[in-house]
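Only a predicted model underlies this, so the values are computations on that prediction, with no experimental measurement involved. Remember, it's 1-based here, ligands and their atoms both numbered in the order they're listed.
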Amino acid sequence: MAIKVAIIYYSATGTTYRLARAAEQGASEAGADVRFRKVRELAPEEAIASNQGWAAHRLESQHVPEASLDDLAWADAVIFGTPTRYGLPTAQLKQFLDTTGPLWVKGALVNKICSAFTSSGTAHGGQETTIVNLNTTFYHWGAIIVAPGYADPIQFKAGNPYGASFTSNNGALKPDETALASARFQGKRVAELAAQFVAGRLAPMVSP
Ligand SMILES: Cc1cc2nc3c(=O)[nH]c(=O)nc-3n(C[C@H](O)[C@H](O)[C@H](O)COP(=O)(O)O)c2cc1C
């Protein structure tokens, strides 16, 4: 049976969306069954309309289904993407995470494989802190955090062992091939490790 991977992200101007598509590709190529989901937009329409890039991406992503708790319950592994907001994940993604109480209370998030990626406007604008802050939630879930580390040569080029990331100059630049390859690798790595974990869980215990 294929391993189940959910990609759940927020993106205003499309940078994180493109990284999410690359992570989706990596997980799919590793044989996973992938659900690609955006979280609900919370910003007022006036704010979106006042930013050309934001309005254009809203249109571009209008057919992406919104994430639900069922996607989390279904998934063996979840890869989350968010732009940085003052070094933290976006309110939109956080709001989705804040709806997960009903799963958490049942222990349904325990042993999920979780991983995160991000984008920022500037090079030292908080990519690592955004991922680390997002990961804090996964500790509370009892999830297993899988970072890309330097587990593939692309990571030495991409340079962020916490998760795929891209410096977008506030949405003006689209992720380059290095960032996309890093996100593909992250998707592949998460799917492969999740498959090994699930296979191990299903295997009969062997007494010494
Ligand atoms: C309210 C707000 C806060 C932001 N804070 C930061 C920040 O702390 N550091 C940074 O480098 N970029 C910051 N940015 C820029 C975005 O993180 C960046 O443009 C990102 O690549 C956008 O991703 P997206 O295209 O997926 O929406 C901020 C943007 C907004 C709107």
Side-chain angles (χ1 to χ4, degrees), residues 5-27 34-67 71 78-98 114-138 147-148 154-155 157-187 190:
V5 176
I7 314 271
I8 298 181
Y9 75 95
Y10 175 76
S11 183
T13 49
T15 317
T16 315
Y17 165 79
R18 287 179 175 75
L19 294 175
R21 282 294 185 199
E24 176 192 33
Q25 189 188 343
V34 183
R35 287 191 188 178
F36 188 84
R37 303 285 188 261
K38 67 186 178 197
V39 296
R40 182 170 302 164
E41 182 57 89
L42 303 175
E45 288 301 330
E46 315 86 80
I48 299 170
S50 71
N51 178 323
Q52 209 184 352
W54 198 352
H57 178 63
R58 192 170 159 82
L59 207 60
E60 172 185 41
S61 61
Q62 63 182 328
H63 299 302
V64 176
E66 279 186 4
D71 297 318
V78 192
I79 309 177
F80 291 92
T82 176
T84 192
R85 293 283 186 266
Y86 307 120
L88 295 168
T90 52
Q92 287 86 345
L93 183 60
K94 183 63 169 59
Q95 170 60 26
F96 175 71
L97 296 176
D98 286 355
C114 289
S115 196
F117 60 90
T118 190
S119 71
S120 67
T122 60
H124 299 283
Q127 292 172 354
E128 288 94 334
T129 56
T130 300
I131 290 173
V132 168
N133 280 302
L134 185 51
N135 285 352
T136 301
T137 297
F138 311 146
I154 188 61
Q155 288 302 110
K157 221 172 150 192
N160 190 342
Y162 297 79
S165 52
F166 184 69
T167 304
S168 73
N169 191 15
N170 297 318
L173 303 174
K174 289 192 168 61
D176 59 17
E177 189 40 47
T178 300
L180 294 174
S182 175
R184 281 197 297 274
F185 168 65
Q186 190 168 353
V190 166

With a 4.0 Å cut-off on heavy atoms, does Gly126 reach ligand 1?
-> no
Distance flag, aromatic centroids of Phe36 and Tyr9, threshold under 6.0 Å | yes
In ligand 1, which numbered atoms sit nearer than 4.0 Å to a non-hydrogen atom of [X]?
| X | result |
| --- | --- |
| Gly87 | 8 (O) |
| Thr15 | 21 (O), 23 (O), 24 (P), 25 (O), 26 (O) |
| Ala12 | 24 (P), 26 (O), 27 (O) |
| Pro83 | 17 (O), 20 (C), 22 (C), 23 (O), 24 (P), 26 (O), 27 (O) |
| Ser168 | 18 (C), 19 (O), 20 (C), 21 (O) |
| Gly171 | 19 (O) |

Test the Arg40-Phe96 pair against the cation-pi criterion, namely NZ or CZ under 6.0 angstrom from the six-membered ring centroid and within 45° of the ring axis.
-> no
Do Tyr162 and Asn160 touch side chain to side chain, with heavy atoms closer than 4.5 Å?
->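 Tyr162 vs Asn160: side chains touch.
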Are any of the N or O atoms of Tyr10 closer than 3.5 Å to those of ligand 1?
->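 Between Tyr10 and ligand 1, no N or O pair is found under 3.5 Å apart.
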Any donor-acceptor pair under 3.5 Å from Thr16 side chain to Ala12 backbone =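 No, the answer is negative, given that no donor and acceptor are paired below the 3.5 Å cut-off.
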Donor-acceptor pair, side chain of Gln186 and main chain of Ala164, under 3.5 angstrom = yes
Shortest protein heavy-atom distance from [atom], along with the residue and atom involved:
| atom | result |
| --- | --- |
| atom 10 (C) of ligand 1 | Gly121 N, 3.4 Å |
| atom 20 (C) of ligand 1 | Ser119 OG, 3.3 Å |
| atom 14 (N) of ligand 1 | Thr84 O, 3.6 Å |
| atom 24 (P) of ligand 1 | Thr13 OG1, 3.4 Å |
| atom 19 (O) of ligand 1 | Asn170 CA, 3.2 Å |
| atom 5 (N) of ligand 1 | Tyr86 N, 2.9 Å |
| atom 29 (C) of ligand 1 | Arg85 NH1, 3.5 Å |

Crowding at CD, Glu177 (>12 non-hydrogen neighbours, <6.0 Å) |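 Yes.
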Who gets closest to atom 9 (N) of ligand 1 by heavy atom: Gly125, Gly53, Pro175?
-> Gly125
Please determine if Arg58 and Glu45 form a salt bridge, counting it only when a charged side-chain N lies under 4.0 Å from a carboxylate O.
-> yes
Worked check of side-chain hydrogen bond (donor to acceptor under 3.5 Å, both in side chains) between Thr84 and Ser120 = CA-CA 5 Å; Thr84 192; Ser120 67; over 6 Å; no
